Amino acid sequence: MTLPVDSPLLADLNPAQREAVATTEGPLLIVAGAGSGKTRVLTHRIAYLIRESGVSPFEILALTFTNKAADEMKARVEALVGRVVKAMWVSTFHSACVRILRREAPRLGFRSSFSIYDEADSVRLVKACLAELNLDERQFPPRSLRAVISSAKAELVDFESFAARGSGRYHETVAEVYRLYQQRLLAASAMDYDDLLMVTLELFGAFPEVERVYQDRFRYLLVDEYQDTNRAQYLLTKALAAGHHNLCVVGDADQSIYAFRGADSRNILDFEKDYPEARTIVLEQNYRSTQHILEAANAVISNNPARIPKHLWTDVGSGDLLVRFEADDEHAEAEFVAAEIEELSSRNILRSQVAVFYRTNAQSRVLEEVFVRRGLAYQVVGGTKFYERREIKDVMAYLRLVVNPDDAVALRRVLNVPKRGLGDTSVGHLERFAQSRGLSLAAALVEVDSIPELGSRAVAQFGGFLDTLDLLRHKAEGGPQLALEAVLTETGYLTSIEAERTIEALGRVENLKELVTVAGEFEAANAGTIDVEGVGWEARPGVEQLEAFLQSVSLFGETDGLEDEEGAVTLMTLHNAKGLEYPVVFMVGLEEGVFPHHRALGEPGELEEERRLCYVGITRAMQRLYLISAASRNLWGVPGFNSVSRFVTEIPTQLMRTAERRELPTSSTRSSTLTRVVVGDEVRHAHWGIGRVVEVFGSGPGAEVVVDFNGLGSKHLVLAWAPLSKV
DNA sequence: GTAACAAATGTTTTT
DNA sequence: CATTTGTTAC
């Protein structure tokens, strides 16, 4: 075939990349090895469609898995084609579905301002269902029930098929919970993450004319990380591409690391079966890593049976050897990492070029302690997420109630927050009343007068709560920021936290302030933007902005807030590392039982997924890779001795050198470097900042101190454990 | 109804 | 060990 090689968009691409960009028509599979310029190809392809093929941006839909990936793609396409990118749909599967559902969900009985339940909301609802069915939480743990329901939904198994596909008492009960759970979601006009995909597909099934609209509109479809699609995402892709078949999918089966949440790498392996006319282009040249790093990655991944061999190669040279270090325990591990990073900075390697990857979030704690103590700037991606903090969820629940009065989970959450004398007894009466009359909780609330069991005080409090909500609905017309400020003041939430006068409360106030700022920024960013359907440029009224704000927060993910902070080392899980690259990478906790995780040890399938995760980790590194393990590690306060991870032994020894043991400044590696303090000392705490010692009990490392932080609260601390240092 | 304390229980990874 | 849940005393 002939390609118009004169397009500047094809200029600095290799032949395979060029073909991937210019093959615009028909199904196309791009097998993109790690670091092979995948994003570059995708963005150039979009630009090529617009600039060379004359495709309207309105006709392009690009789907990614994370908002971060979507944002990056948008930014890079914008650099190529300009502001017209704002009119394009470049989004995650989930937000694309939300955009469709905001418009179409009323056909299925949902408000267009439906709520989106995150995992915690979802667990709460499962609990409520268990209570309603008089089931024991111990026998049916809500979290695992939610997980079962979630995986069923990812496979598009509704509660009827679920009930039919198994037998026995346990299965029947789960099916019953599933049924009630769905019923409650609909009644609350709410969807969980899985519903966003499943309901969209239901919508397409029930209203072919609606499906047709989106099929016709999106003539060109691009899907990133196709190996991570689950059944629902696969079918959604298929449905949208059914009319025109201009479907371009990009992925790498070796980087499939989400099977645990329903991803099925057969989707990418079977692409050519689904679309017999498909072209396949393989990108094998790696532009990211040194040869040594690539060889290590290839060596590890080749231990997975039944994979299609791939030969990633690079011409950047062999580079440094990988660095291997075995620490005595997790503290020594963290000390080594910190010391090594300091050593690297003395050789002009910036901290922002360094990342530390671990298997589980809990592993970040020791690293953080050590980094704080040594004054090493770092940022953690993920972990306790901002939007999952209690105070944030509380005020967001108020906002959700403002736009969706049916949201029962949000209602239950804030009915007595802040405390207004509506405890379990009163709320229990309300719930029984609602249930007996077949009313929603919101509807029952309006009729509290007719609940005989309630005392006059409770009735008045319920009434006051309703009035507050009305007031908030009124204020919400002023947009997200004003709505939020109204929640903080009118509900008494802020006052009640401030009244606690503790350090923790101070932190919460800070977080709430931050949220107000975020809301303000959201307004600024969305003022006068083009509206969802591209109908025209118009500022959206306050309540609609609020809905959009809630939606963006609901779908806000792990890596999304990540900006390369100047001078800070980045800490994250291996899962979060996908799609990123760093000149220097530390992989820690390379021990059997940690990585590979003990849950995977007996399961060949899961072990292979762990190995792919390892492959992902290794291939993030550009120049330098450290492989670190600890001979002993405390797990849940109990010391454990794990052997070195099989992944380390799978790497040829000639690719590695063993690091020398560094001189460690302190041998008794505990959190605090302080052994002696006196009243009046100024100290710095990892989380709470600077404070003054006001009391000391006992002596030595076992001593307890009382520290007054900023005069705004004080804290009892055990000297040996608290991450304290002298100012 | 709430606050303070004791016990139990749980950790993989995430849109 | 850290958070959440259950129990007790006000």
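Scope of the values below: all heavy atoms of this structure, side chains included, with no hydrogens, waters or symmetry mates. Keep in mind the model is a prediction, meaning the values are calculated, not measured. Just so we're on the same page: letters track the sequence lines, and every chain starts at 1.
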Using the side-chain heavy atoms of Y258(A), tell me which of these nucleotides is nearest: dC1(C), dT14(B), dT15(B). dT14(B)
Tell me what F93(A) touches on the nucleic acid: a base, only sugar-phosphate, or nothing, going by heavy atoms under 4.0 Å. nothing
Which nucleotide in dG1(B), dT14(B), dT15(B) has an atom nearest any side-chain atom of T92(A): dT15(B)
Give the rounded distance in Å between these two atoms: CZ of R146(A) and P of dT11(B). 12 Å
Look at T66(A) and dT14(B) and indicate whether a side-chain polar atom (N or O) is within less than 4.0 Å of OP1 or OP2. no
May I ask you to say what S95(A) touches in the nucleic acid, namely base, sugar-phosphate or nothing, with a heavy-atom cut-off under 4.0 Å? nothing
Go nucleotide by nucleotide along DNA chain B from the 5' end; which of R143(A) and F65(A) gets its closest nucleotide reached first? R143(A)
Under 6.0 Å between ring centres, would you say that holds for F357(A) and F586(A)? no
Rounded to the nearest Å, what distance is computed from the NZ atom of residue K153(A) to the P atom of nucleotide dT15(B)? 18 Å
May I ask you to say what E606(A) touches in the nucleic acid, namely base, sugar-phosphate or nothing, with a heavy-atom cut-off under 4.0 Å? base
H597(A) has an atom NE2; how far is it from atom C1' of dT14(B), in whole Å? 15 Å
Test item: side-chain donor near acceptor, R102(A) and Q551(A), under 3.5 Å: yes
Any side-chain N or O of T573(A) under 4.0 Å from OP1/OP2 of dT14(B)? yes
For N416(A), report the nucleic acid contact type (base, sugar-phosphate, nothing); a contact means any heavy atom under 4.0 Å. sugar-phosphate
OP1 or OP2 of dT14(B) less than 4.0 angstrom from a side-chain nitrogen or oxygen of N576(A), does that happen here? yes
E609(A) has an atom CD; how far is it from atom P of dT14(B), in whole Å? 12 Å
So, OP1 or OP2 of dT13(B): does either fall under 4.0 Å of a side-chain N or O from R599(A)? no
Atom-to-atom span, NE2 of H429(A) to C1' of dG1(B) - whole angstrom: 14 Å
Please determine whether a side-chain nitrogen or oxygen atom of K127(A) lies at a distance below 4.0 Å from atom OP1 or OP2 of dT4(C). no
Is K419(A) near enough to dA3(B) that one of its side-chain N or O atoms lies under 4.0 angstrom from OP1 or OP2? yes
Closer than 4.0 Å, any side-chain N/O of N361(A) to the OP1 or OP2 of dT13(B)? yes
Is there a stack between F260(A) and dT13(B), judged by ring centres under 5.5 Å and planes under 30°? yes
Are the aromatic ring centres of H575(A) and Y258(A) under 6.0 angstrom apart? yes
Is the centre of the H597(A) ring less than 6.0 Å from the centre of the F260(A) ring? no
Spacing of E388(A) atom CD relative to dT3(C) atom P, expressed in whole Å: 13 Å
Compare the minimum distances between each of dT11(B), dT13(B), dT15(B) and the side chain of R261(A), then state the nucleotide with the smallest one. dT15(B)
R633(A) CZ to dT11(B) C1', in whole Å, measures 14 Å
Which whole-number value in Å describes the distance from L574(A) CG to dT13(B) P? 11 Å
So, Q182(A) versus K153(A): side-chain donor-acceptor pair below 3.5 Å or not? yes
Taking for each residue the nucleotide of DNA chain B bearing the nearest heavy atom, is the 5' side occupied by R457(A) or by H575(A)? R457(A)
Complementary nucleotide for dA4(B) - Watson-Crick or wobble, under 3.5 Å: dT7(C)
NZ (K393(A)) and CG (D121(A)) are apart, to the nearest 0.5 Å, by 3.5 Å
